[in-house]
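The structure under discussion appears below in the form of structure tokens.
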Amino acid sequence: MSYKIAQIRLVSSHPEVYEPCDDSFALVDALLSDRNNLLELKPMLCMEVGCGSGYVITSLMLMLGEEANGAQFIATDINHHAIKVTQETMEAHGVYAELINTDIASGLENRLAGSVDLLVVNPPYVPTPEDEVGREGIASAWAGGENGRSVIDKILPVAEKLLSKRGWLYMVTLTANNPSQICRQMMKKGYASKIVVQRSTVEESLHIIKFWKD
Ligand code: SAM
């Protein structure tokens, strides 16, 4: 989509920070395709876990624009270089989010419990040996352990805790992550789901799944 090229300029990069790729674009396209519903939802607290370069959270803030007046934005990343690059991306676009260098939402659960209306996640989802998960460096951006589920399976219970009753979660998954099993697992917790964007590249088949309380 031309939106991603036209709207977001990355003013800085770092060898250990994930550059926006097909998965980032698919996530932004999913949010864009649901923009009218998001505007109706009027999310008061929006959050991204794993913000990387800041491409997704900055796109989200720009697409909600003035109509999200009063909304608060928070983004976390376990990689402190990502926090710095996201800060620079946001500054270049005149938007602001609270940025926190932490593991998923560690230290924020009590403060944010039940209050996040919109949560977006492009997690490390690539199947890798388990010992590659959470290593220093750029590998932590994609290394997802067995079936690519290690970090996803840690994020889901945190998402349940943080989401408000009307909250929506958009998450990137790969076929290898077994998205239908993830949807069944979330259904047991009371969440409906649908695939908002499905995209196949030479290397992978991506699904952007939206979850909401049924
Ligand atoms: N959201 C960005 C995008 O779509 O371009 C980056 C996505 S990249 C696939 C995954 C991001 O999650 C990386 O920036 C990585 O540092 C971060 N990450 C990995 N494990 C994490 C964790 N346990 N807690 C927070 N962030 C994590």
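Order of listing sets the numbers, starting from 1, for every ligand and every atom in it.
The 12-atom threshold is exceeded at NZ of K213, counting heavy atoms of other residues, nucleotides or ligands nearer than 6.0 Å.
When hydrogens are left out, the protein atom nearest atom 9 (C) of ligand 1 is A141 O, 3.2 Å; that is the closest non-hydrogen contact. Distance from atom 24 (N) of ligand 1 to its nearest protein heavy atom, with residue and atom name: I104 N, 2.7 Å. With respect to atom 3 (C) of ligand 1, the closest heavy atom belonging to the protein is S24 OG, 3.4 Å. If you check which protein heavy atom lies closest to atom 12 (O) of ligand 1, you get G50 CA, 3.4 Å. In terms of protein heavy-atom proximity, atom 26 (N) of ligand 1 is nearest to I78 N, 3.2 Å. Considering only non-hydrogen protein atoms, atom 13 (C) of ligand 1 sits nearest to D77 OD2, 3.5 Å. The closest protein non-hydrogen atom to atom 4 (O) of ligand 1 is N122 ND2, 2.9 Å.
Residue P124 places a heavy atom under 4.0 Å from ligand 1. Using a 4.0 Å heavy-atom cutoff, K154 is absent from the residues neighbouring ligand 1. Not a single heavy atom of I57 sits less than 4.0 Å from an atom of ligand 1.
Neither the backbone nor the side chain of Y55 has any atom closer than 4.0 Å to an atom of ligand 1 (non-hydrogen atoms only). Using a 4.0 Å cut-off between heavy atoms, L27 makes no contact with ligand 1 at all. With a 4.0 Å heavy-atom cut-off, ligand 1 is reached by no atom of E19. With a 4.0 Å heavy-atom cut-off, ligand 1 is reached by no atom of C21.
Ring to ring, Y170 and F211 are not that close: their centroids are 6.0 angstrom or more apart.
When atom types are taken as modelled, the side chain of R149 and the backbone of N177 share a donor-acceptor pair closer than 3.5 angstrom.
Around atom 22 (C) of ligand 1, the closest heavy atom drawn from I155, I138, V126, D103 belongs to D103.
Using a 4.5 Å cut-off on side-chain heavy atoms (C-beta onward), D77 and N101 make no contact. The shortest distance between side-chain heavy atoms of K42 and E67 does not fall below 4.5 Å.
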Can you check side chain to side chain donor-acceptor pair (under 3.5 Å) on D23 and Y18, steps first, answer last? CA-CA 11 Å; D23 47 4; Y18 191 79; 2.7 Å; yes
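Among residues two or more places apart in sequence or in another chain, the ring pair (Phe, Tyr, Trp, His ring centres under 6.0 Å) test is passed with H81 by H14.
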